[in-house]
Amino acid sequence: MRNMFRNVEGTNDLLPGAQKAIVRTEIWHHVEEVIHQIMLRYGFSEIRTPILEHTGLIARGIGQLTDIVSKEMFTLERGDTSYVLRPELTAPIMRSYLQHHLEQQSGVQRLYYLGPCFRAERPQKGRYRQFHQFGAEIIGTDDPRADAEIITLMMEVYDTFELTGAKLRLNTLGSAETRPKYREALIEYLIPFGDALTAISRERLSRNPLRILDTKVEAERKILENAPCLPDYVDQESLSNYESLKRLLRAVEISFVEDPMLVRGLDYYTRTAFELEYGGIGAQNALAGGGRYDLLASAIGAKNPVPAVGFAAGMERLILAMEASGAPLPTVRPFDIWIVSLGETAGKKAFEITHYLRKSGLRVGMEPTKRSMKAQMRLANRADAHRVIILAEQEMQTETATVKNMLTGEQKSIPFIELVENLTK
RNA sequence: GUGACCGUAGCUCAGGUGGUUAGAGCGCCAGGUUGUGGCCCUGGAGGUCGGGGGUUCAAGUCCCCUCGGUCACCCCA
């Protein structure tokens, strides 16, 4: 044990039958499958981009001064090129959209994704160095109906998993033109408090003052109660878009709370910003977040602006929340048949029968060992097999298989040639 | 990056003030049924007590260092 390698800090091995849902492969299969189905139903198509991207894309897309870029990236150098393990997927998807000229396709693009991301943060509950995000983007329109559609899609996922008690928070960040005005007003308001702010907030005051808004420090929250309100500084068009969005959400009975303090940690967001919050999965309580990012395309080199809106969600946090809330988790499909054999000739026959039963669609198990019948029966029982086929000397002589129903204990003999037909009917 | 707590069998954990061959439950394997599971009974395998150093006649137990884990700050999905 002591000298063995172990998985890298902040990463997880997913195992079959694991106790904790978050590392159990069966749960992941189920959750992924449901997400694919929902995305399909909402008219979104899957996009898969590489895990490796150029560092420059991420730095320019997400913003040089953001925490993600300034201290949380896994970068690797090779020759004189710098690569990064993607910390999120919105920038890579916009890169791919631009690179492949998806704007030339008819209509807006509805894309979704699901895959691993990497951030070099200190791991804790709900936060890992390799984690998995799924999300969706609507690229090519600034219509508030797209914003509403993204939010309804996101909510549909959590509804489907019967997760109740999540809180949707909503805000508008305004346009690229009005944001600086609010920024100045906020700085002006906060400067007199000087020492009352934490060191971190004082630092952010010059670099990224909006982030102070979602501080957890009680004293700072109190100071912020009378701070200038973001929506008051927002331009007329953003405001009317925001009103439209709220009307659309109310029309389809999506409940939300407006939170003028809500901001996002990535630079590319404008106008709509939202977050889905859930207590009970530790300090990392954001299940998903997103918003409009009309500036991203330009930031990474597009000639013309490309309006877009999307959400990103954490798989681990979703599973953690499902587990915490007692939402139903999938069970493992039991075996239809388990094959038990004694002796060499019966063993060969067992292999053959296993093969043909599997070809006919049944889930069939057997263990290629020479263990006792008792031991093999125990395995069958543990695999939750409905029926067991027993093959030993007697069966080989009569060319019939003994088939035992594990629920009733009842046994019958079935000739080898009728076996597949008999068991599949 | 900072801090707190925790590292004893595969898993969950017991092991007052340091003292003979380190324990339990679950799990695993085998036997109780010369070819039959679940329940029960019996037995067995499995541990350099995270690692290193120190104090001591004696350390799982005390001290130091180190590695690992968990949670929190921060940040965000």
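Letters A, B, ... mirror the listed sequences (proteins, then strands); counts begin at 1. If you're wondering where the values come from, they're calculated on a predicted model, not measured in any experiment.
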Practice prompt. Name the nucleic acid region contacted by A/Glu9, choosing base, sugar-phosphate or nothing; use a 4.0 angstrom heavy-atom cut-off, strictly under.
Written response: sugar-phosphate
Worksheet, complete the sentence: Any strand, both distances under 3.5 Å, Watson-Crick or G-U wobble: B/G23 pairs with B/C13
Fill in: Euclidean distance for C1', B/G15 against B/C49 (whole angstrom)
10 Å
Worksheet item: What nucleotide among B/C74, B/C71, B/A77 has an atom nearest to a side-chain atom of A/Gln284?
Response: B/C74
Discussion item. I want to check one thing: is the phosphate of B/A30, taken as OP1 and OP2, less than 4.0 Å away from some side-chain N or O of A/Arg378?
Written reply: yes
Discussion item. Looking only at the side chain of A/Thr402 (C-beta and beyond, no hydrogens), which of the listed nucleotides B/U36, B/A77, B/A72 gets closest?
Written reply: B/U36
Worksheet item: From B/A77, B/G35, B/A72, pick the nucleotide closest to the side chain of A/Ala283?
Response: B/A72
Discussion item. For a quick test of reading the model: is some side-chain N or O of A/Arg382 closer than 4.0 Å to OP1 or OP2 of B/C28?
Written reply: yes
Worksheet entry | Salt bridge present between A/Arg129 and A/Glu121 (N-O < 4.0 angstrom) | no
Discussion item. Between B/C6 and B/U66, how far apart are the two C1' atoms, rounded to whole Å?
Written reply: 16 Å
Practice prompt. Select base, sugar-phosphate, or nothing to describe what A/Lys374 touches, counting heavy atoms under 4.0 Å on all strands.
Written response: base
Practice prompt. Provide the distance between the two C1' atoms, one in B/U42 and one in B/G52, to the nearest whole Å.
Written response: 43 Å
Item to complete: Between A/Gly126 and A/Thr215, just flag the one whose closest nucleotide in RNA chain B comes earlier from the 5' side.
Response: A/Thr215
Worksheet entry | Within the 6.0 Å centroid threshold, strictly below: A/Trp28 and A/His132 | yes
Worksheet item: Is there a donor on the side chain of A/Asn381 or the base of B/G37 sitting less than 3.5 Å from an acceptor on the other?
Response: yes
Practice prompt. Under 4.0 Å between any heavy atoms, over every strand shown, what does A/Leu318 touch: base, sugar-phosphate, or nothing? Just pick one.
Written response: nothing
Worksheet item: Looking at A/Gln124, does any N or O in its side chain come under 4.0 Å of the phosphate oxygens OP1/OP2 on B/A72?
Response: yes
Worksheet item: In whole angstrom, what separates A/Asn285's CG from B/A72's C1'?
Response: 13 Å
Worksheet item: Distance between the C1' atoms of B/C63 and B/U56, in whole angstroms?
Response: 12 Å
Practice prompt. Can you tell me, in whole Å, how much space there is between the C1' of B/U70 and that of B/G53?
Written response: 27 Å
Worksheet item: Heavy atoms under 4.0 Å, any strand shown: does A/Ala380 hit a base, just sugar-phosphate, or nothing?
Response: nothing
Item to complete: Would you mind reading off the distance between A/Gln19 atom CD and B/C13 atom C1', rounded to a whole angstrom?
Response: 15 Å
Worksheet item: Which of parallel (below 30°), tilted (30 to 60°) and perpendicular (above 60°) describes A/Phe193 and A/Tyr189?
Response: tilted
Practice prompt. Rounded off to whole Å, could you give me the CD-to-P distance for the A/Glu367 and B/G37 pair?
Written response: 16 Å
Worksheet item: Given that both distances must come in under 3.5 Å, which nucleotide forms a Watson-Crick or G-U wobble pair with B/G1?
Response: B/C73
Worksheet item: What's the NZ-P distance between A/Lys125 and B/C74, to the nearest Å?
Response: 18 Å
Practice prompt. Indicate, yes or no, whether a donor-acceptor pair under 3.5 Å links the base of B/C71 to the side chain of A/Arg122.
Written response: no
Practice prompt. Among the candidates B/C71, B/G37, B/G35, find the nucleotide nearest to the side-chain atoms of A/Met406.
Written response: B/G37
Worksheet entry | Spacing between A/Ile58 atom CD1 and B/A77 atom C1', to the nearest angstrom | 15 Å
Worksheet item: If pairing requires Watson-Crick or G-U wobble contacts with both distances under 3.5 Å, which nucleotide is the partner of B/G7?
Response: B/C67
Practice prompt. Write down the distance between CZ (A/Phe131) and C1' (B/A77), rounded to a whole number of angstrom.
Written response: 6 Å
Practice prompt. For the pair A/His36 and A/Tyr112, name the ring-plane relationship: parallel under 30°, tilted 30 to 60°, perpendicular over 60°.
Written response: perpendicular
Discussion item. Let's test your reading of the model: under 3.5 Å, does the base of B/U36 pair with the side chain of A/Gln376 as donor and acceptor?
Written reply: no
Discussion item. Measure NE2/A/His386 against P/B/G38 and give the value in whole Å, please.
Written reply: 18 Å
Worksheet item: Does A/Glu149 pair with A/Arg110 as a salt bridge, N-O distance under 4.0 Å?
Response: yes
Worksheet item: When you compare B/A30 with B/G35, how far apart are their P atoms, in angstrom units rounded to a whole number?
Response: 15 Å
Worksheet item: At under 4.0 Å, does any side-chain N or O of A/Arg371 touch on OP1 or OP2 of B/A30?
Response: yes
Worksheet item: Can you check whether A/Tyr83 and A/His54 have ring centres sitting under 6.0 Å from each other?
Response: yes
Discussion item. Between A/Asp142 and A/Arg292 (salt bridge meaning N to carboxylate O under 4.0 Å), is one present in this structure?
Written reply: no
Discussion item. Which nucleotide, if any, forms a Watson-Crick or G-U wobble pair with B/G60, using both distances under 3.5 Å?
Written reply: none
Discussion item. Between A/Glu258 and A/Lys246, does any NZ, NE, NH1 or NH2 come within less than 4.0 Å of an OD or OE carboxylate oxygen?
Written reply: yes
Practice prompt. For the side chain of A/Ala375, starting at C-beta, report the closest nucleotide among B/A30, B/U36, B/G1.
Written response: B/A30
Discussion item. Applying the Watson-Crick and G-U wobble criteria at under 3.5 Å, what pairs with B/C28? Answer none if nothing qualifies.
Written reply: B/G44
Worksheet entry | Euclidean distance for P, B/C11 against B/G47 (whole angstrom) | 13 Å
Discussion item. What is the separation between atom CD1 on A/Ile389 and atom P on B/G37, rounded to the nearest whole Å?
Written reply: 18 Å
Worksheet item: Is A/Gly290 touching bases, backbone alone, or none of the nucleic acid, heavy atoms closer than 4.0 Å?
Response: nothing
Worksheet entry | 5' precedence on RNA chain B between A/Glu395 and A/Leu266 (nearest-nucleotide basis) | A/Glu395
Fill in: Gap in Å between the two P atoms, one belonging to B/C62 and one to B/G7, rounded
11 Å
Discussion item. I'd like to know if A/Glu53 pairs up with A/Arg95 as an ion pair, taking the criterion as any Lys NZ or Arg NE/NH1/NH2 lying under 4.0 Å from an Asp or Glu carboxylate oxygen.
Written reply: yes
Item to complete: Please work out if A/Arg6 contacts a base, only the sugar-phosphate, or nothing of the nucleic acid, heavy-atom cut-off 4.0 Å.
Response: sugar-phosphate
Item to complete: For A/Arg264, report the nucleic acid contact type (base, sugar-phosphate, nothing); a contact means any heavy atom under 4.0 Å.
Response: sugar-phosphate
Worksheet item: Just checking A/Glu72: base, sugar-phosphate only, or nothing, at a heavy-atom cut-off of under 4.0 Å?
Response: sugar-phosphate
